[in-house]
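All values derive from a computational prediction rather than experimental measurement. So you know, we letter chains A, B, ... as the sequences are listed, proteins then strands, and number each from 1.
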Number of protein chains: 2
Amino acid sequence: MLSTEQIIDTMSAQGLRITDQRRTLARLFAEAPGYLTAKDVYDYMGKKYSGLSFDTVYRNLRVMQELGVLEQIVFEDGVKFKSHCSQDHHHHHMICLQCEKTYPIAFCPMDMTDMPEQFEVVKHKFEVFGYCKDCRQEMGAGDGKEGPTLHLKQSKLMSQAYDTHEHAGKSQ
Amino acid sequence: MLSTEQIIDTMSAQGLRITDQRRTLARLFAEAPGYLTAKDVYDYMGKKYSGLSFDTVYRNLRVMQELGVLEQIVFEDGVKFKSHCSQDHHHHHMICLQCEKTYPIAFCPMDMTDMPEQFEVVKHKFEVFGYCKDCRQEMGAGDGKEGPTLHLKQSKLMSQAYDTHEHAGKSQ
DNA sequence: GTATTTGCAAACAATTTGCAGCTCT
DNA sequence: AGAGCTGCAAATTGTTTGCAAATAC
């Protein structure tokens, strides 16, 4: 994840002006553990910073995304944003369907497989959805949804995935 | 892909009524080589079947999707539909960014890797985007976009992918 | 001081809904 | 006959745009 300062510096370096709104956005995304919709952002900003308009949120989400500061993902239920992962190494995510936190996967399917020559690969998407440890515990505790049965094999390639990264940090 | 009849039979078996519109939809999706937006469908239906309304298109896309006849994918540029692949075996796709045809990938990353025990996997997504043989040839022929440079290794797991399946059929 | 940003309101696009009339079965 | 469809028009939701006033540099 990027820190508040990294986000601000990047924006500043691109000649963007650092307004209070943008500062708040930077802080929000630096701290947010999961994905946020434009509305989430708006609601949050509303608390901290009353009088912020929806279009400013949209405009900035767009700008920050184009700048590479934010990652935009289209879920079935809408568009969401989160701070971009460390640019250094390419990786994929497990995404919790409950809390929407992301956990890095220390493995990329494209490393494992070559494409047929006839097809020129431009990009790929690999995402695993499910329930993370924390949410499974809460759900298992019995609040409506039934605690899921597991049918998992021993971890081979991804065992490190669960706690290596800052991703899954319980920050906030 | 499903045939017109398979689609119609499935819908009929679920107690849905077979109207002219639905018949046309079934035929359209049985023949379409790639993904279609609601608007694509509407435009097409307009030709064959003048006077069809947008809401009917939406209603039926939804119904057919819930029924499992259509597959709905959310692309960056919008929601698109295509006829569901043969239900029998799970597989992923290469998707051409130009023509949006899909080519099956004879490999699933989830077969290769176990997830950490702590995470309960519900579903996963693996998609490869790029340019297919046909489109690369056309583009290479020099109509604006530069013919892409390839940097592909020998195919290991996916070599069969390119011509096994009916998917990539040049049908229509 | 000047180019950027913001907030407002209004425009827009995509999708959904209510309802009366038409149509499969 | 009667539940299920369709088409229309109107409502909703999510996102974008034009413009004057406010602000960062």
Worksheet entry | Any A:Tyr58 side-chain N or O less than 4.0 Å from OP1/OP2 of D:dT15 | yes
Worksheet item: If you take atom types as modelled and just measure distance, does the side chain of A:Asp55 reach the base of C:dC8 with a donor-acceptor pair under 3.5 Å?
Response: yes
Worksheet entry | First encountered from the 5' end of DNA chain C, between B:Ser12 and B:Gly78 | B:Gly78
Worksheet item: With respect to the phosphate group of D:dA3, does any side-chain polar atom (N or O) of B:Arg17 fall under 4.0 Å of OP1 or OP2?
Response: no
Practice prompt. Figure out the CG/P separation between B:Leu61 and D:dT6, and round it to whole Å.
Written response: 11 Å
Worksheet item: For residues B:His92 and A:His124, is any side-chain donor paired with an opposing acceptor at under 3.5 Å?
Response: no
Worksheet item: With the threshold set at 4.0 Å, does a side-chain nitrogen-carboxylate oxygen contact exist between B:Lys80 and B:Glu100?
Response: yes
Worksheet item: Within this structure, what is the CZ-to-C1' distance between B:Arg62 and C:dT15, rounded to whole angstrom?
Response: 9 Å
Discussion item. I need the CZ-C1' distance between B:Phe81 and C:dA14, as an integer number of Å.
Written reply: 12 Å
Response to the item:
A:Phe54 CZ to D:dG14 P, in whole Å, measures 8 Å
Worksheet item: Taking the inter-plane angle between the rings of B:Phe54 and B:Tyr58 on a 0 to 90° scale, is it parallel (under 30°), tilted (30 to 60°) or perpendicular (over 60°)?
Response: parallel
Discussion item. Among B:Leu70, B:Val69, B:Val41, exactly one meets side-chain contact (heavy atoms from CB on, under 4.5 Å) together with B:Phe81. Which residue is that?
Written reply: B:Leu70
Fill in: Rounded distance in Å - CG (B:Leu52) to P (C:dC22)
17 Å
Fill in: Atom-to-atom span, CG of A:Asp77 to P of C:dT16 - whole angstrom
13 Å
Fill in: A:Thr56 side chain near C:dG7 phosphate (N/O to OP1/OP2, under 4.0 Å)
yes
Practice prompt. Assign each of B:Ala38 and B:Leu16 to its nearest nucleotide of DNA chain C by heavy atoms, then name whichever residue's nucleotide is nearer the 5' end.
Written response: B:Ala38
Worksheet item: Hey, does the side chain of B:Thr19 come within less than 4.0 Å of D:dT6's phosphate (OP1/OP2), counting only N and O?
Response: yes
Practice prompt. Rounded off to whole Å, could you give me the CD-to-P distance for the B:Gln14 and D:dG4 pair?
Written response: 13 Å
Response to the item:
note: A:Met45, atom CE; C:dG7, atom C1'; distance rounded to Å ~ 13 Å
Fill in: B:Glu120 and A:Lys133 ion-paired at < 4.0 Å
no
Worksheet item: D:dT23 phosphate, OP1 or OP2: any side-chain N/O from A:Gln21 under 4.0 angstrom?
Response: no
Fill in: Under 4.0 angstrom between A:Arg59 side-chain N/O and D:dT16 OP1 or OP2
no
